[in-house]
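Let me begin by presenting the structure, written as structure tokens, before commenting on it.
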Amino acid sequence: MNSPTNTATSAASIQLIQLDELPALRIHNAYADALITLQGAQVLEFTPREQRPIIWLSEQAAFRRSQNIRGGIPICWPWFGDFARNPTAVRAMTASADTPAHGLVRAQPWLLEKITEQPTHTEIVLRYPTAALNAAWPHATELTLTVSIGSALRLQLSTRNTGSTSLSFSQALHTYFSISDIRQIEILGLDNTRYIDTLREWHEFTQHDAVRIDGEIDRIYQQLPEHLQLLDTGWQRTIHLRTRNSASAVVWNPHIEKSKRLNQLSPDAWQRMVCIETANVMDDSVTLASGAAHVLDLEISGEKL
Ligand code: TA6
């Protein structure tokens, strides 16, 4: 009788691996390869078959408990960015003095709830144990992230208000995209969109034509369309961002000078990445009545030109 061999028993292989101090899931299926840390439910890699990596991860990324990881798709919740810049309704949700940038769940352990093999993708559900937030966020809330790994990458960040009073929060899927060169990309779909320029006293401006980047950029676009494109002529590809329930997008690149002040970032890395963050921030922050739910939905796909 033949000895059992290590034959693939499904379309996907999913391994629990260790990245230095952090457990992570490595997914390999017929459509793509991906890597997700349980800390922060942070997608670190997504590479569709026959394509270049879509998501950027710093060559200097550190994988330490309770430390941010530079790159991938950090989850910013229940506030985005500088807490003090958030609307009053969001700031009123906590009395804690500890209000780190980008919220409370980015560098904390999430729980792996479920892995399901679908015909066109692998689906992974992670849940944040919000009861652990206690004083910092004393509100009954269910927070889950569903990641679908197929020819496209889909993230659905669900916030359900299971308490008896309304909740207000801001949020972002802080996606770092891998690009050929910052001088060879354009972001399409934001023409005539209003934006707050955080580098020009947070004043409001209107975008004319495509977004091209020739210096530090840190803008909050509002009242978005549901389809943005990252056109990369250097690599002859377009990355599509299709969203639902996202009214804001943050476009960020640190360029030369700010890069010097950031950790886990080599001096020239700014040339090979750009953030387009799928969000609801500032006036687009979300207020949920008791029992209501909100799903921030992002689908990312690559297309050869
Ligand atoms: O992407 C917008 C932003 O708030 C920038 O201002 C910059 O701080 C960036 O996030 C990076 O944040 P992090 O905390 O990951 O270094």
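Counting starts at 1 for both ligands and their atoms, following the listed order. Small disclaimer: the values here were computed from a predicted structure and weren't measured. Note: hydrogens, waters and symmetry copies are ignored here, and every other heavy atom, side chains too, is used.
- Side-chain contact of Glu226 with Thr243: a donor-acceptor pair under 3.5 Å is absent, judged by distance alone.
- If you look at Arg219 next to ligand 1, there are no close heavy atoms at all, none under 4.0 Å.
- A distance-only check finds no donor-acceptor pair linking the side chain of Asp284 to the backbone of Ser246 [under 3.5 Å].
- For a threshold of 3.5 Å applied to N or O pairs, the pair formed by Glu277 and ligand 1 contains at least one separation below that value.
- Near Tyr176, meaning under 4.0 Å from any of its heavy atoms, are these atoms of ligand 1: 15 (O).
- At a cut-off of 3.5 Å, with distance as the only test, a side-chain donor of Arg183 or Gln271 sits close to an acceptor on the other residue.
- Between Glu45 and Arg26 there is a salt bridge, with a side-chain nitrogen of the basic residue lying less than 4.0 Å from a carboxylate oxygen of the acidic one.
- The shortest separation from a heavy atom of Asp218 to ligand 1 is under 4.0 Å, placing the residue in contact.
- Ion pair Arg212/Glu186 flagged as a salt bridge, since at least one NZ, NE, NH1 or NH2 atom sits closer than 4.0 Å to an Asp/Glu carboxylate oxygen.
- The atoms of ligand 1 that sit less than 4.0 Å from any heavy atom of Lys258 are 6 (O), 7 (C), 8 (O).
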Are Trp77 and Trp137 close enough, and set up right, to give a ring pair (Phe, Tyr, Trp, His ring centres under 6.0 Å), and what steps lead you there? CA-CA 11 Å; Trp77 186 96; Trp137 179 260; 5.3 Å; yes
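- For ligand 1 and Arg70, the ligand atoms under 4.0 Å from any heavy atom of the residue are 11 (C), 13 (P), 15 (O), 16 (O).
- With Arg106, His102, Glu216 as candidates, the residue nearest to atom 15 (O) of ligand 1 on a non-hydrogen basis is Arg106.
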